[in-house]
Undergrad: 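What follows is a structure written as structure tokens; I'll ask about it next.
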Amino acid sequence: MQAEKPRYMSLQNVISQSVSKAVRDLYQLELPTVEFQPTRKDFEGDITVVVFPMLRFVKGNPVEIGTKIGEYLVEHVDEVAKFNVVKGFLNLVIEDVIYLNFFNTIRDEADYGYVKSPTSDAVMVEYSSPNTNKPLHLGHIRNNLLGYSVSEILKAAGKKVYKTQIINDRGIHICKSMLAWQKFGDGETPETSGLKGDHLVGKYYVAFDQAYKAQIAELVDSGTSKEQAEKEAPILLEAQEMLRKWESGEVATVTLWKTMNSWVYDGFDTTYKNLGVDFDTLYYESDTYLLGRNVVKDGLEKGIFFKKPDGSVWIDLTEEGLDEKIVLRSDGTAVYMTQDIGTAIQRVTDHPDINGLVYTVGNEQDYHFKVLFLILKKLGYQWAQHLYHLSYGMVDLPSGKMKSREGTVVDADDLIANMEETAEEISKELGKLDGYSETEKKQLYRTIGLGALKYYILKVDPKKRILFNPEESVDFQGNTGPFIQYTYARIQSILRKAGDVGSSEVATSLGLHEKEKELLKQVQLFPETVQLAAENYSPALIANYTYDLVKEFNSFYQQVSILGEPNEDKKHLRVQLSRKVGEVIASAFRLLGIHVPDRM
RNA sequence: GGUCGCGUAGCUCAGCUGGAUAGAGCAUCUGCCUUCUAAGCAGACGGUCGAAGGUUCGAAUCCUUCCGCGAUCACCA
């Protein structure tokens with residue numbers, strides 16, 4: 001992330017160089033670095049130079065040194081208006097004109113904060129990657145929101161991004177649904193049942209599990225051990241047989257598989273659309289599950305892998321502090337790891353500009369990805385230096401883990417619908433939507449409901465687990481999506497009333513109100529926040545930034561009159577500043593996949 | 001048991017590469033709608049930053065040990 005520093009961000013550089021120069025002139029010493037922090041609210045100032053680290057080089061009393069440097073800066077540096085020293089902290093007050101000049105440089109910039117010229121190398125972000133035997137749930141929602149948002153953040157930070165998923169469309173799990181449908185389905189389809197395709201297939205996955213459990217119970221009653229019963233239940237054997245038929249390409253099985261998967265895809269498409277996420281390219285496990293075996297054979301010749309007497313192939317990672325890991329079964333078939341090796345290579349082959357992969361997968365697979373990345377590095381791929389496991393914590397319910405088979409999941413479609421309903425209730429209560437058509441209202445409820453949900457999930461550091469209590473529905477007040485959307489709507493209302501005021505330069509001679517200055521400082525932070533979020537793969541940083549910006553704006557809004565300001569220059573600044581804040585809110589929320597409303 | 005992650009106000013979370021008296025929201029309480037949208041603003045209350053050591057001028061942040069919670073250590077994915 002070596003985005004060139006725009007000139008308006010050079011304030012820190014100016015101060016940094018000036019402080020170095022001050023120390024050089026005053027003490028004939030070279031400082032390796034100068035440490036900064038934003039000045040705390042309870043002190044006067046904008047930027048604070050920390051004097052303590054200098055004490056290693058400059059002998060003396062920190063207050064004295066700070067004072068001397070402060071005096072020097074006020075005298076020699078245009079940007080610095082005043083200073084004060086508290087303990088070892090040199091607080092600098094920056095001239096208002098610096099902030100006004102900054103504002104004029106970005107005032108008219110479209111997509112301020114985004115890097116406009118993407119790098120030539122691309123990164124592929126994988127997310128979602130569901131199994132095709134059941135509908136998406138809250139866990140998938142976190143995954144989808146994270147993957148989508150990180151993709152958008154990387155783009156904004158100047159990366160070319162491919163969004164992808166690997167759809168787990170084959171294996172025993174889908175055979176279970178298929179078998180149960182054959183047995184109990186009575187020819188039911190999404191059309192005849194009125195059920196969304198993924199929900200219909202999921203229903204039979206549950207039906208399978210019930211039948212399976214019943215058979216186990218029966219077997220145990222007739223004296224079989226539980227362990228054995230779990231292996232020998234006839235319906236399980238049938239499912240396994242079905243998988244063998246699928247693998248041998250038996251027409252009837254493959255046809256049923258295609259039919260049921262197509263139902264699921266229709267359902268997923270709807271959910272993805274509702275959620276507002278998308279993909280550039282798709283991979284299907286049925287196409288990739290055989291990949292990777294040749295790579296293993298090559299690696300075996302190179303001595304990266306080794307073969308055990310039974311014919312299975314392993315890699316020894318004990319030197320790296322890990323274990324031995326199997327990469328090919330004794331019968332020569334691929335395991336999950338093998339597929340992932342093959343798929344990664346396939347992706348780079350398909351998209352030669354890729355120089356890095358991001359995997360959005362829960363933290364339960366931390367170990368798997370550690371091993372996968374290590375293997376790819378050992379195999380010598382250039383791009384293997386840039387692999388990242390976007391590992392996130394589980395979403396738990398008050399009752400504990402979600403289990404699809406036990407029906408203790410929060411269904412994605414239900415949750416989205418609930419959020420919209422809540423948004424509708426609150427909107428109706430507040431009753432500010434006179435003149436909106438029913439369609440516009442529906443659209444708005446969706447925007448707000450999804451805004452609440454997405455913000456609620458994305459504001460949390462990805463690696464932390466989330467406890468989701470469906471009883472206490474997601475908040476609409478305080479640090480929430482709707483609060484931020486509300487502020488955006490407020491700004492739009494002002495702009496409508498202000499009429500067409502153009503976007504000409506603001507006068508740089510005016511003094512700034514304290515709130516205006518704070519707001520400008522926060523606006524100034526946006527570009528570096530985008531970079532930071534990209535470096536850390538963290539939408540939470542964007543969410544927190546936006547919240548701070550909005551809080552600052554509301555405080556400004558409360559304290560100063562915008563349209564009522566008699567001084568035309570000041571009024572112009574305030575309107576322009578409000579407009580820009582609105583734009584930054586929208587840009588930031590776009591990175592989170594959240595829409596903003598003109599009214600609410 | 002080994003490895004990894006997490007532990008900050010009653011609850012949900014911030015706290016960047018160590019820096020000033022640890023910050024928000026929710027909840028509870030107090031003010032503010034004849035002025036730009038009160039989904040708001042201003043304020044009060046609330047903390048042994050899991051515990052103990054260590055490094056440092058300075059530790060919620062870095063190191064060690066311990067405690068608690070979770071994940072993972074399959075010829076499953």
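Naming convention: chains lettered A, B, ... in sequence-line order (proteins, then strands); numbering from 1 in each chain. As the structure is a prediction and not an experimental result, all values here were calculated from the model. In what follows, every heavy atom counts, from backbone to side chain, and hydrogens, waters and symmetry copies are set aside.
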Undergrad: Would you mind reading off the distance between A/N479 atom CG and B/rG40 atom C1', rounded to a whole angstrom?
TA: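 Going from CG in A/N479 over to C1' in B/rG40 covers 15 Å.
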
Undergrad: Would you indicate whether the side-chain heavy atoms of A/W314 and A/F305 approach each other to under 4.5 Å?
TA: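 The answer is no; the side chains never approach within 4.5 Å.
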
Undergrad: Rounded at 0.5 Å granularity, tell me how far OH in A/Y359 sits from CG in A/D340.
TA: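 It is 6.0 Å, given to the nearest 0.5 Å.
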
Undergrad: Which of these nucleotides, B/rA14, B/rC36, B/rA77, is closest to any side-chain atom of A/V460?
TA: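 Looking only at heavy atoms from C-beta outward on A/V460, the closest nucleotide is B/rA14.
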
Undergrad: For A/T333, which contact category applies under a 4.0 Å heavy-atom criterion: base, sugar-phosphate, or nothing?
TA: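 Counting heavy atoms under 4.0 Å across all strands, no contact is made by A/T333.
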
Undergrad: When you get a sec, tell me which of B/rU37, B/rA42, B/rA14 is the closest nucleotide to the side chain of A/R496?
TA: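 Nucleotide nearest to A/R496's side chain: B/rU37.
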
Undergrad: Less than 5.5 Å between centroids and less than 30° between ring planes, does A/F52 satisfy that with B/rG19?
TA: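 Stacked: ring centres under 5.5 Å, planes under 30°.
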
Undergrad: Which nucleotide in the list B/rU37, B/rU72, B/rC41 gets nearest to the side chain of A/K551?
TA: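 The answer is B/rC41.
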
Undergrad: Could you tell me how far apart A/I491 (CD1) and B/rA39 (P) are, to the nearest whole angstrom?
TA: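 The distance from CD1 of A/I491 to P of B/rA39 comes to 16 Å, rounded to the nearest Å.
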
Undergrad: Ignoring backbone atoms, test whether A/S555 places a side-chain nitrogen or oxygen under 4.0 Å from the OP1 or OP2 oxygen of B/rA42.
TA: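 It does, given that an N or O in the side chain of A/S555 lies less than 4.0 Å from OP1 or OP2 of B/rA42.
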
Undergrad: Does a nitrogen or oxygen in the side chain of A/R329 sit under 4.0 Å from OP1 or OP2 of B/rA77?
TA: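 Yes, A/R329 has a side-chain N/O under 4.0 Å of OP1/OP2 on B/rA77.
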
Undergrad: Does any donor-acceptor pair link the side chain of A/N91 with the base of B/rA20 at a separation under 3.5 Å?
TA: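 Donor-acceptor pair under 3.5 Å: yes.
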
Undergrad: Can you tell me which nucleotide in B/rG5, B/rU12, B/rU21 comes closest to the side chain of A/K463?
TA: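 So the side chain of A/K463 is nearest to B/rG5.
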
Undergrad: Have A/Q365 and A/Y336 got a donor and an acceptor in their side chains that come within less than 3.5 Å?
TA: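 Judged by distance alone, the side chains do pair up.
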
